[in-house]
Amino acid sequence: MFRKILIANRGEIAIRIMRACRELGVRTVAVYSDADRSSPHTLYADEVINIGAPASRDSYLRMDKIITAAKRSGAEAIHPGYGFLSERAEFALAVAEAGIGFIGPTASAIAAMGSKTAARTRMKAVGVPVAPGVEEPVSDPKIALQIAKEIGFPLLIKAAHGGGGKGMRKVFRTDDLPNSLEAAMRESLAAFNSREVYLERFIENPHHIEFQILADKYGNVIHLGERECSIQRRHQKLIEESPSPFMTPELREVMGQAAVKAALAVNYENAGTIEFLVDAQRNFYFLEMNTRLQVEHPVTEFVTGIDIVKAQLQIAAGEPLPWKQEDVKQNGWAIEGRICSEDPLNQFLPSTGRIVHLRAPSGPGVRDDRGVNEGNEVTLHYDSLIAKLIVYGATRDEAIARMKRALDEYHIIGIKTTIPFLHCLMGHPVFVGGNYNTGFLENEIDQVSLTNRRSDVKKLVALATALYEQKRTGNLIDNSKISTQTPSERNGWKQTGRWDNLRKR
């Protein structure tokens, strides 16, 4: 096992990796930008090294600075986390050429799966189903029209390099194809420095189901079951759960085998995720491979009992997988909610500022993976994900009830967050019934249900702010001066006797 590693990341994922290292007796080195000087991940690490200005391009995306920091600290390996440089083949190659271990797949495997068109070709060659489409990039509207006639409408224009919904356009009519093609190429160039896009058949309202795989250096590959990731907004996942309520044992067996086959096709090593789209008839199609640790990996850890980050470290250190496929069992149910610094009552606009009060949930079956503490400043420099709330229950019903309870306990004051939105989703009958797909938010959720919660949220914010100020100054603030409610609403606290009780706490 390594003696010391550097984590080329920040926030909750950096802390998650450090916790696994601490349990394995591995020392950790954190890198940080000027904006993250007091961030929790710098406090948790054994050593810290500054790598530049707040903007990612000047710090967390600087391969040279990170490799220099690793050499300076004596780190034997680098863990990239997710995002930033985690899926850059050139980074994995540069790390290897510097004589430092890379806790992830090889550069060749990242490159093989980094191009979606090349990945489609490989998957077809080994018998993994792909959606009808083409593998060659398309830029000419006339050629695109010819392809569209072959695969049929609706179709999807997708960036050949990248993801997250960028460089993607749905097309339902012939007349819309030329403009959509140009818009997708323009967006792909801005996001991924490439105008390459391709066409495939658009599968309407599918399930987005992914399989976690682990692969060692000796050709052993296993999967750890599936995660349901269909609750998405603008192609960004909001809630994940494992197992999937849509899955059958037979489908799990076939899809799991396909995931293993996909990993073997590129001689994959370490942890990775094979993502599929599954239609209403349970036909599945390869979507992409994420050649890194996933944001939602904790739900798999809960239901399998396998620490995926520890497995990553052990594999990178040359240890063989200690499990065979028959050893992996899914027990119970886990759900993860992504808590972002966004205002769900105002078109999910980013919310920045200082966190003046934070109280995280706890109790049986609750895990809070968080990258901020009370007093931290949330800026626009980085991704809006500030925490992940993961719960476990013996059944799905228990997991949902536990998530509701944990969200009720989660108080973050000073910025807007998606906590009330997640609470709203947990109570939606379609989600509770397990009958949802990727069209869920678009088809089922509007601002009405959130607006109905607006007054409750404002009351909680007002009360929590008052209590925080009382704790900080020793003086109780007049609730009427900070409340955003009408006088009758404010008096409701006094009418029920609850405000007097709260003042005594």
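Numbering of residues begins at 1 and proceeds along the displayed sequence. Just so it is clear, the structure is predicted and the values come from calculations on it, not from any experiment.
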Main-chain N/O of [Y] paired with [X] side-chain donor or acceptor, under 3.5 Å:
{"X": "Tyr268", "Y": "Ile110", "answer": "no"}
{"X": "Lys388", "Y": "Val295", "answer": "yes"}
{"X": "Asp140", "Y": "Lys142", "answer": "yes"}
{"X": "Arg120", "Y": "Ala131", "answer": "yes"}
{"X": "Thr304", "Y": "Ile306", "answer": "yes"}
{"X": "His207", "Y": "Ile209", "answer": "no"}
{"X": "Glu187", "Y": "Gly167", "answer": "yes"}

> Is the closest side-chain donor-acceptor distance between Ser33 and Tyr382 under 3.5 Å?
Replying inline: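 The answer is yes; a qualifying pair exists.
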>> Looking only at the side chains, is there a donor atom on one of His297 and Gln212 sitting less than 3.5 Å from an acceptor on the other?
In response: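 Side-chain D/A pair, His297 to Gln212: absent.
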> To the nearest 0.5 Å, how far apart are CD1 in Ile335 and CZ in Arg402?
Replying inline: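 The distance works out to 11.0 Å.
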>> Just verifying a value: how many Å separate Glu200 CD and Leu155 CG, rounded to the nearest 0.5 Å?
In response: 9.5 Å
> Given Phe421 and Phe348, is the ring-ring contact (aromatic ring centres under 6.0 Å, His included) satisfied, shown in steps?
Replying inline: CA-CA 10 Å; Phe421 183 68; Phe348 289 86; 5.0 Å; yes
>> Aromatic contact between Phe153 and Phe172, with the criterion being ring centroids under 6.0 Å apart: yes or no?
In response: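 So the answer is no for these two rings.
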>> Taking the ring of Phe440 and the ring of His428, is the distance between their centroids below 6.0 Å?
In response: yes
> Pairs in or reaching into residues 94-106: which pass side-chain hydrogen bond (donor to acceptor under 3.5 Å, both in side chains), with residues at least two apart or in two chains?
Replying inline: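 Sorted pair list: Thr106-Ser108.
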> If you measure from the Lys or Arg side-chain nitrogens to the Asp or Glu carboxylate oxygens, is any gap between Arg338 and Glu240 under 4.0 Å?
Replying inline: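 Glu240 and Arg338: salt-bridged.
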> Does a salt bridge link Glu210 with Lys237, judged by any charged N lying under 4.0 Å from a carboxylate O?
Replying inline: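 Yes, this pair counts.
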> Applying the side-chain contact (heavy atoms from CB on, under 4.5 Å) test to Ser341, which of Thr417, Ile386, Thr418 qualifies?
Replying inline: Ile386
Using atom types as modelled, flag every donor-acceptor pair under 3.5 Å from a side chain in residues 241-251 to any protein atom, sequence neighbours excluded.
residue	atom	partner	partner atom	Å
Glu241	OE1	Trp333	NE1	2.7
Glu241	OE1	Arg396	NE	2.8
Glu241	OE2	Arg396	NH2	3.0
Glu241	OE2	Tyr436	OH	2.4
Ser242	OG	Glu226	O	2.7
Ser244	OG	Glu228	OE1	2.7
Ser244	OG	Phe246	N	3.1
Thr248	OG1	Leu251	N	3.1

> What do the steps show when you test Asp36 against Tyr60 for side chain to side chain donor-acceptor pair (under 3.5 Å), and what is the final call?
Replying inline: CA-CA 11 Å; Asp36 278 340; Tyr60 297 106; 2.6 Å; yes
> Stepwise, does the side-chain contact (heavy atoms from CB on, under 4.5 Å) test hold for Val171 with Ile157?
Replying inline: CA-CA 8 Å; Val171 184; Ile157 305 171; 3.8 Å; yes
